[in-house]
Amino acid sequence: MPDATPSSRSSAASPTFGETAGEAFGEPSQKASNKASNKAFDEVFCGLLPRLYRRAVMLAGSRQSAEDVVHAAYLKLAARPQRFLAHPEPYAYAFTTVLTIARDAYRKDRRQVLVEAMEGADGAGAVGAVGGSGAGSGGAAGGWDGGTERRHAELEAVRLLGRLSHRQAGIVILVDLDGYTIDQAAQIIKVHRGTAARHRARALDRLRAYLGEPQHGRTKR
């Protein structure tokens, strides 16, 4: 009788075959694979980060908004790092995510602004506030020295692309700045080639008309 007790204790304490096999062939290897994927994802994404950030500024219109867009894109892509890493064009895959997030954020902000304008509009008071804001921003722009030539070009690109819809801006960025063909750009943003070509043609026509105006107007999408 005493001999049965240690045996039963040993049997109860020892792991089952399923648990041992799971640890030996499943869980540790899966954790190691996930860790490796996350590390590889961070390396690839960080390599694309400067380029993605510049494009996000062009789409979002400001550095602060661009930071939010890129951060949201990182979180979305990091949820499935294998899909990002397996894509033949990681930049194109990430750019599509950035474009979608920037477009959704703009639509959300626009709806919020419209609601606030309807709730807070009270005639001359609202007009005066807008007028004062415009004058202040104009004065600040006039006193700024502009920085480097590259910075001037980036700011002008942001202002020009702000006249376009996000899809039009996306096509122009991919084709005219990143060097993709119309076919490649259409595949990246998942539209028909003819649709991409029309978006680009309309975008370029709109930009030419805008540049031909005596005085550039305010940004519209």
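Here, residue 1 is the first one in the sequence, and each next residue gets the next number.
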message: Donor-acceptor pair, distance only, cut-off 3.5 Å: does the side chain of Thr100 make one with the backbone of Thr96?
response: yes
- line: Here the gap from Leu59 atom CG to Arg54 atom CZ, rounded to the nearest 0.5 Å, amounts to 13.0 Å
- request: Run the numbers on Leu52 and Phe45 for side-chain contact (heavy atoms from CB on, under 4.5 Å), then give the verdict.
  value: CA-CA 9 Å; Leu52 288 174; Phe45 189 89; 4.0 Å; yes
- prompt: Angle class for the Phe84/Phe41 ring planes (parallel below 30°, perpendicular above 60°, tilted otherwise)?
  reply: perpendicular
message: Checking the side chain of Gln184 only, and the main-chain atoms of Thr181 only, is there a donor and an acceptor separated by less than 3.5 Å?
response: yes
statement: Correct closest heavy-atom pair for Tyr93 and Leu77 would be CE2-CD2, 3.3 Å
task: Indicate yes or no: at least one non-hydrogen side-chain atom of Pro90 is less than 4.5 angstrom from one of Leu48.
output: yes
query: Taking the six-membered ring for Trp, are Tyr91 and Tyr180 parallel (under 30°), tilted (30 to 60°) or perpendicular (over 60°)?
result: parallel
task: Check step by step if side-chain contact (heavy atoms from CB on, under 4.5 Å) holds for Arg193 and Ile182.
output: CA-CA 7 Å; Arg193 184 194 185 283; Ile182 285 290; 3.7 Å; yes
- request: Check whether any side-chain heavy atom of Met58 sits under 4.5 Å from a side-chain heavy atom of Leu160, and report yes or no.
  value: no
- prompt: Tell me, do Leu164 and Arg202 make a side-chain contact under 4.5 Å, heavy atoms counted?
  reply: no
field: Ala78 versus Pro81, closest heavy-atom pair with distance
entry: O-CD, 3.2 Å
field: Flag for Ser62-Ser65: side-chain donor and acceptor within less than 3.5 Å
entry: yes
- prompt: Closest heavy-atom contact between Ala66 and Ala60?
  reply: N-CB, 3.9 Å
Between Asp42 and Tyr74, a side-chain donor and acceptor under 3.5 Å: yes
- prompt: Side chains of Arg55 and Val98: does their closest heavy-atom pair fall under 4.5 Å?
  reply: no
- request: Would you mind reporting whether Gln168 and Arg206 have side-chain heavy atoms less than 4.5 Å apart?
  value: yes
- request: Decide yes or no on side-chain contact (heavy atoms from CB on, under 4.5 Å) for Gln82 and Asn34, but give the supporting numbers first.
  value: CA-CA 9 Å; Gln82 294 87 355; Asn34 291 340; 4.0 Å; yes
query: Would you say the side chain of Arg51 lies within less than 4.5 Å of the side chain of Phe95, judging by non-hydrogen atoms?
result: no
- request: Supply the atom-to-atom distance Leu207 CG to Leu161 CG, rounded to the nearest 0.5 angstrom.
  value: 7.0 Å
query: Mind checking whether Arg167 and Arg103 have side chains closer than 4.5 Å, heavy atoms only?
result: yes
- request: Please tell me if the side chains of Asp183 and Gln187 come closer than 4.5 Å, counting only heavy atoms from C-beta onward.
  value: no
- line: Heavy-atom closest pair (Ala72 atom, Ile101 atom, distance to 0.1 Å) is C-CD1, 3.6 Å
